[in-house]
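Just so it is clear, the values below take in all heavy atoms, side chains as well, and ignore hydrogens, waters and symmetry mates. Order of the sequence lines sets the chain letters (A, B, ...), proteins ahead of strands, with each chain counted from 1.
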There are 2 protein chains.
Amino acid sequence: MGEAVTKATEAESVSDDALRGFIGYHMKRAMAVLQADLNRALKPFGLRMVSYSALVMIVENPGLRQTQLADALAIERPNLVVILDGLEEAGLITRDKVPADRRAWALNPTLKGRKLADKATAANRVDEARLLKGLPADKRALVIEVMGLIETGRGGPEA
Amino acid sequence: MGEAVTKATEAESVSDDALRGFIGYHMKRAMAVLQADLNRALKPFGLRMVSYSALVMIVENPGLRQTQLADALAIERPNLVVILDGLEEAGLITRDKVPADRRAWALNPTLKGRKLADKATAANRVDEARLLKGLPADKRALVIEVMGLIETGRGGPEA
DNA sequence: TATTGTTATACTCTATAACTATA
DNA sequence: TATAGTTATAGAGTATAACAATA
């Protein structure tokens, strides 16, 4: 029987009009693509998005403590521990004793860590440029500005 | 003993210069705030970000099948099943037999589902407006446009 | 054979409580 | 008592393989 004609070529008839106005809907999908893309670019270096961010922050701020780094990366301290374990085992950073406070560790990059951070940063730049191909610098800056607005602009959960 | 003077007021000395240029870094942080905020706004309705999106899509596209919805929401079919189980148990949607294809379910909203989708959408609009307080419509549109560019603009993993 | 929905499973990311050693 | 780092654990979210029913 020839009943298959009404099948339509799949998702072409699905409308997402009601969701199109929501920034969150678009950001989630874009974020998924971007993160997968970034992690693929970082894989040759044995890094993922978060471990890369941590390494760069340590290179840029040698001697900083784990609590400071966790705050800067907006992740919880317990979750940072395993990330740093990985970086340390890979010989990219060291956890050094702080004489002034024997509870704390000073995070420092090794030479290997600094070199890898540079290479990974270069790879990331290439990758992001490809993903945002043709996006003018001013538009890119605006997006970053709006992300900052969202992040800090918690109009007030209790306000 | 007065040795605490060198302690500094925590993260104020931490620089993230090297990460500031990366859209992914900012998007991830903004996304975390936005998603937490959205989920808080949706909690009174018993919805989360994904289940809300699914419900709205079903209201807007009654009769669609699960594979179509999973494609539209960019989630895997197995993960959609549990989301739909929740919506169905809450009496917001029904899974109806499709005569033409006895393997498939047609997803339809109940009256209760349609009403809840309207209320949740209104709440979301209020919440997102607060989070993006003062952001002009054209800038908002640009952000959405760039998100679309990122999502579709996979310059080519194999290209 | 291929596809729809499903189950089971695993892996990542994130969040919280509680412990230790220091302060 | 409070804080730095840690451990253990639980919860989301996401991804893949494999199955039954049907095409």
Return no unless some side-chain N or O of Thr67(B) is found under 4.0 Å from OP1 or OP2 of dG5(C). yes

For Ala104(B) and for Glu76(A), locate the closest nucleotide of DNA chain C by heavy-atom distance; then report the residue assigned to the nucleotide nearer the 5' terminus. Ala104(B)

Heavy-atom contacts under 4.0 Å between residues 22-31 of chain A and DNA chain C, which residues? none

Asn39(A) side-chain N/O to Met49(A) backbone N/O, donor-acceptor pair under 3.5 Å: yes

Nearest whole Å is fine: how far is dG13(D) P from Met49(A) CE? 18 Å

Contacts of Arg48(A) meeting side chain to side chain donor-acceptor pair (under 3.5 Å) (sequence neighbours excluded), chain-then-number -> none

Write down the distance between CD1 (Ile75(A)) and C1' (dA4(D)), rounded to a whole number of angstrom. 15 Å

Please check if the side chain of Lys112(B) supplies one atom and the backbone of Ala90(B) the other of a donor-acceptor pair under 3.5 Å. yes

Those residues of residues 77-97 of chain B lying under 4.0 Å from DNA chain C by at least one heavy atom: Arg77(B), Pro78(B), Val81(B), Arg95(B)

Between the axis at one end of the helix from dT1(C)-dA23(D) to dA23(C)-dT1(D) and the axis at the other (five pairs apiece), what's the angle to 10 degrees? 10°

What is the distance from CD of Gln66(B) to P of dA21(D), rounded to the nearest Å? 17 Å

Whole-Å distance, Asp71(A) CG to dA15(C) C1', equals 15 Å

Starting from C1' on dG5(C), measure out to CG on Asp101(B) and report it in whole angstrom. 11 Å

Would you mind reading off the distance between Arg103(A) atom CZ and dT22(C) atom P, rounded to a whole angstrom? 10 Å

Separation of dT4(C) atom C1' from Trp105(B) atom CH2, nearest Å, is 11 Å

What is the distance, rounded to the nearest whole Å, between atom CG of Leu38(B) and atom P of dA12(D)? 17 Å

Thr121(B) side chain vs Ala117(B) backbone, donor-acceptor pair below 3.5 Å: yes

Checking the side chain of Asn79(A) only, and the main-chain atoms of Ile75(A) only, is there a donor and an acceptor separated by less than 3.5 Å? no

Short N-O contact, Arg130(A) and Asp37(A), less than 4.0 angstrom: yes

Of all residues at least two apart in sequence or in a different chain, which pass the side chain to side chain donor-acceptor pair (under 3.5 Å) check with Arg95(A)? Gln66(A), Asp85(A), Glu88(A)

Listed partners of Glu145(B) passing salt bridge (charged side-chain N to carboxylate O under 4.0 Å, His left out), at least two apart: Lys139(A)

Do the charged groups of Arg20(A) and Asp17(A) touch, with an N to O distance under 4.0 Å? yes

Verify the contact: side-chain N or O of Arg48(B) to OP1 or OP2 of dG13(D), cut-off strictly under 4.0 Å; return yes or no. yes

Where the side chain of Lys119(A) meets the backbone of Arg114(A), is there a donor-acceptor pair that is under 3.5 Å apart? no

Looking only at atom types and distance, does a side-chain atom of Ser51(A) sit under 3.5 Å from a main-chain N or O of Leu47(A), one as donor and one as acceptor? no

What is the minimum heavy-atom distance between Gly24(B) and Glu128(A), and which atoms define it? N-OE2, 3.5 Å

Would you say a side-chain N or O of Gln35(B) is under 4.0 Å from OP1 or OP2 of dA12(D)? no

